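For reference, the structure is listed below as structure tokens.
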Protein chains: 2
Amino acid sequence: MTDTQDDTFVSGYLLYLLAASSEQASTQFHDHVRARGLRVPEWRVLACLVDNDGMMITRLARLSLMEQSRMTRIVDQMDARGLVTRGADANDKRRVRVRLTAEGRDLAESLVKDARRHETRLLSALADTDAARIKGVLRTLLDVLDKPDPA
Amino acid sequence: MTDTQDDTFVSGYLLYLLAASSEQASTQFHDHVRARGLRVPEWRVLACLVDNDGMMITRLARLSLMEQSRMTRIVDQMDARGLVTRGADANDKRRVRVRLTAEGRDLAESLVKDARRHETRLLSALADTDAARIKGVLRTLLDVLDKPDPA
DNA sequence: GTCGAAAATATGAAAAATCATATAAATCGA
DNA sequence: TCGATTTATATGATTTTTCATATTTTCGAC
């Protein structure tokens, strides 16, 4: 074992548990993503676009949990690399529609498969009851957080 | 509501749910931390040290979910600012023991109180069953992730 | 229609984070 | 006890990320 102190605060703090779980659960797969030649934010963009091609920059940024100006640059690089294309929206010239190229789609679909396999492995390492609960609990938390602050 | 598409992959993907929950749940409190004049990594250091004063750099880095070289610099800055002191370990001169100053401790304890209040509010926004489950589920996940890969 | 506000994206400059590696101390065997 | 390894921390160079703000387009009230 590494360090077992019965820390009074941190080790039981919800925000710590969330951050640490996310971090640790993602590490393996993120390594895999990098081994495939992508940075994590790029993988996120691909995953979003497989679900819904032609998203605009702002929405990609929200879903990928990052800032708009960063997303602009990431899309630039992915464009330069031939994974996506940028196109103007017909109805609103401010918007940039990001679309997968054939190459981008292949890579994206392949990684989504890998991600699903990895997720299955993760969940199967949990007891059935925990595996059944975890997504529901997190979804509920997200729902609650979306609602405007009652205060 | 913002964007409700029934995304096939991302919105139900465990690593997304974890990252998004962590991100969203933390935003409010992190804003509070910054309003108090600290960056998030600095708050994490303070929280660790309240639990266990005199930690070494490496352990602080692990617990705060960041790299050692980054932690070195963060501790430097906190030292310069008078929140912590750096002292050599008596038995092992490689180690740097980081300790709270009086000022650092005051700030840390005050923020821990704030964090607890915030956590209580978060949990109370969940249904009782979810609130009761969430920490347990996350702890289980962390436990599982700590174990060496069975593959 | 026109004007002011809001929305979407882009960009330069600054700050933060990472990476590779250096240094120094402890540990472990032969 | 010497040398090879490992552990702990530090640091220079580079890459990422953020921040503030500019630009362009749309929207809404009048």
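In the text below, chain A, chain B and the rest are named by the order of the sequence lines, each starting its count at 1. Below, each value reflects all heavy atoms present in this structure, side chains not excepted, and no hydrogens, waters or symmetry copies. Predicted model only: the values in this text are computed from it and were never measured.
What separates CD of Glu67(B) from C1' of dT15(D) is a distance of 13 Å, to the nearest Å. Atom-to-atom, CD of Gln68(B) to C1' of dA24(C) comes out at 13 Å; the value is rounded to the nearest Å. At whole-Å resolution of the value, CD in Glu42(A) and C1' in dT15(D) are 13 Å apart. Atom CE in Met71(A) sits roughly 11 Å away from atom P in dT17(D) (whole-Å rounding). In this structure, Arg59(A) atom CZ and dA8(C) atom C1' are separated by 15 Å, rounded to whole Å. Rounded to an integer number of Å, the gap from Asp76(A) CG to dT16(D) P is 14 Å. When the P atom of dT25(D) is taken as reference, atom CZ of Arg97(A) falls 17 Å away, rounded to whole Å. Between the CZ atom of Arg34(B) and the C1' atom of dA16(C) there is a distance of 13 Å, rounded to whole Å.
For the atom pair CG (Asp106(B)) and CG (Leu100(B)), the distance works out to 10.0 Å, reported to the nearest 0.5 Å.
Clustering ILVMFWY residues whenever any of their side-chain heavy atoms sit less than 4.5 angstrom apart, transitively, puts Met56(A) in a cluster other than the one holding Met71(A).
Of the side-chain N and O atoms in Arg39(A), one or more sit less than 4.0 angstrom from OP1 or OP2 of dT16(D). Within the structure, a side-chain polar atom (N or O) of Arg70(A) is placed less than 4.0 Å from OP1 or OP2 of dT18(D).
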Evaluate the side chain to side chain donor-acceptor pair (under 3.5 Å) criterion for residues Glu23(B) and Thr27(B): first the C-alpha distance (whole Å), next the side-chain angles of each, then the deciding distance (0.1 Å), finally the verdict.
-> CA-CA 6 Å; Glu23(B) 184 74 14; Thr27(B) 299; 4.9 Å; no
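Minimum interatomic distance between Leu14(A) and Glu119(B) (heavy atoms only, all atoms of both residues): N-OE2, 2.6 Å.
Looking at Arg94(A), its side chain has no donor and acceptor atom pair within 3.5 Å of the base of dT24(D).
Along DNA chain C, the nucleotide closest to Pro41(B) and the one closest to Lys93(B) are compared, and the more 5′ of them pairs with Pro41(B). Looking at which nucleotide of DNA chain D each of Arg95(B) and Arg73(B) is closest to, the 5′-most match is held by Arg95(B).
If you check every strand for non-hydrogen atoms under 4.0 Å, Ser69(B) touches a base. Residue contacts shown for Met66(B) are absent, as no nucleic acid heavy atom lies under 4.0 Å away. Contacts of Met56(A) with the nucleic acid, taken as non-hydrogen atoms under 4.0 Å apart, involve only primed sugar atoms and P, OP1 or OP2. Residue contacts for Asn91(A): at a heavy-atom cut-off of 4.0 Å it reaches the sugar-phosphate backbone alone, with no base atom in range.
Using modelled atom types, no side-chain atom of Asp130(B) and backbone atom of Leu141(A) make a donor-acceptor pair closer than 3.5 Å.
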